[in-house]
Amino acid sequence: QVQLVESGGGSVQAGGSLRLSCAASGYSSAYTCMAWFRQAPGKEREGVAAIYTGTASTYYADSVKGRFFFSRDNAKNTGYLQMNSLKPEDTAMYYCAQTRGWCGDDWTTNEKYPYWGRGTQVTVSS
């Protein structure tokens with residue numbers, strides 16, 4: 001049974017930083033696409049960043065490029081989303097998702113990912 005467990009959310013002032021973690025278990029494939037999505041109240045869930053474990057290639061939404069950085073420790077099966085220069089508009093529930101294989105151009109598509117975590121809340125105050 002694949003499990004994804006997020007941690008690291010919290011409240012921070014604008015300009016601050018947080019690091020989210022996503023610990024994966026029950027996964028046999030070494031080549032996976034892990035992604036972070038977020039959903040603010042009243043808005044659709046959107047892709048934030050993704051990483052392909054085979055090459056450590058990363059993908060970012062335009063809204064977070066240069067501020068968020070995704071890394072992964074394959075030995076620990078854990079992904080890390082370093083979020084810097086946080087803005088109030090980054091406030092959302094953040095979800096980790098994972099699928100086998102390449103991330104690809106459709107990495108922001110929710111339906112691509114069969115495995116999801118329960119989320120961790122990030123609140124940025126102005």
Side-chain angles (χ1 to χ4, degrees):
Q1 184 75 10
V2 176
Q3 260 196 322
L4 301 174
V5 179
E6 304 97 334
S7 62
S11 296
V12 66
Q13 288 193 326
S17 299
L18 284 173
R19 189 177 82 154
L20 305 184
S21 299
C22 175
S25 61
Y27 221 85
S28 61
S29 174
Y31 300 99
T32 64
C33 177
M34 177 181 276
W36 285 97
F37 285 74
R38 67 185 181 188
Q39 187 167 22
K43 293 189 176 181
E44 293 187 355
R45 190 160 53 185
E46 62 174 356
V48 174
I51 190 167
Y52 174 58
T53 59
T55 60
S57 299
T58 52
Y59 307 78
Y60 298 98
D62 288 343
S63 58
V64 305
K65 277 181 183 175
R67 300 189 299 121
F68 290 13
F69 301 94
F70 200 170
S71 61
R72 181 180 165 99
D73 184 335
N74 287 338
K76 295 182 178 179
N77 280 335
T78 300
Y80 304 97
L81 185 67
Q82 179 66 42
M83 306 187 297
N84 301 325
S85 301
L86 283 162
K87 304 175 181 179
E89 50 263 45
D90 294 319
T91 295
M93 183 70 80
Y94 282 71
Y95 298 91
C96 180
Q98 189 157 274
T99 188
R100 290 182 173 86
W102 182 245
C103 290
D105 292 338
D106 61 343
W107 70 268
T108 60
T109 302
N110 285 252
E111 292 75 16
K112 180 182 178 71
Y113 303 89
Y115 308 112
W116 291 82
R118 294 192 175 193
T120 186
Q121 178 68 36
V122 171
T123 302
V124 184
S125 58
S126 56

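Any value given below was found using the heavy atoms of this structure, including those in side chains, with hydrogens, waters and symmetry copies removed.
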Q | Over all atoms of both residues, closest heavy-atom pair of Asp106 and Lys112 | A | OD1-NZ, 3.1 Å
Q: Please name all residues satisfying side-chain contact (heavy atoms from CB on, under 4.5 Å) with Thr58, sequence neighbours left out, ordered by chain then number.
A: Ile51, Tyr60, Phe70
Q.
Would the distance check show the side chain of Arg72 and the main-chain N or O of Thr78 forming a donor-acceptor pair, the cut-off being under 3.5 Å?
A. no
**Q.** Main-chain N/O of Trp116 paired with Gln98 side-chain donor or acceptor, under 3.5 Å
**A.** no
Q: Give a yes or no answer on whether the side chain of Thr91 reaches the backbone of Glu89 with a donor-acceptor pair at less than 3.5 Å.
A: no
Q: Give the cluster check for Met34 versus Met83: same hydrophobic cluster or not, with ILVMFWY residues linked at side-chain heavy-atom distances below 4.5 Å.
A: yes
Q. What are the two closest heavy atoms between Cys33 and Ala50, and how far apart are they?
A. SG-CB, 4.1 Å
Q. So Tyr59 and Trp107, would you call those rings parallel, tilted or perpendicular, with 30° and 60° as cut-offs?
A. tilted
Q.
Is the distance between the ring centroids of Tyr95 and Trp36 under 6.0 Å?
A. no
Q: For residues Asn110 and Phe37, report the shortest heavy-atom separation together with the two atoms involved.
A: ND2-CE2, 3.8 Å
Q | Gap between atom CG of Leu81 and atom CZ of Arg38 - 0.5 Å precision | A | 9.5 Å
Q. Would you find a donor on one side and an acceptor on the other, under 3.5 Å apart, between the side chain of Gln82 and the backbone of Phe68?
A. no
Result block: side-chain N/O donor-acceptor pairs under 3.5 angstrom for residues 7-25, not counting sequence neighbours:
| residue | atom | partner | partner atom | Å |
| --- | --- | --- | --- | --- |
| Ser17 | OG | Asn84 | OD1 | 3.0 |

Q: Report whether Tyr113 and Met93 are members of the same hydrophobic cluster (ILVMFWY, side-chain heavy atoms less than 4.5 Å apart, transitive linking).
A: yes
Q) Does one hydrophobic cluster hold both Tyr80 and Val122, with members joined at side-chain heavy-atom distances below 4.5 Å? A) no
Q: Could you check whether the rings of Trp102 and Tyr52 sit parallel, tilted or perpendicular, using 30° and 60° as the cut-offs?
A: perpendicular
(Q) If we ignore hydrogens and angles and just use 3.5 Å, is the side chain of Thr55 paired with the main-chain N or O of Ser57 as donor and acceptor? (A) yes
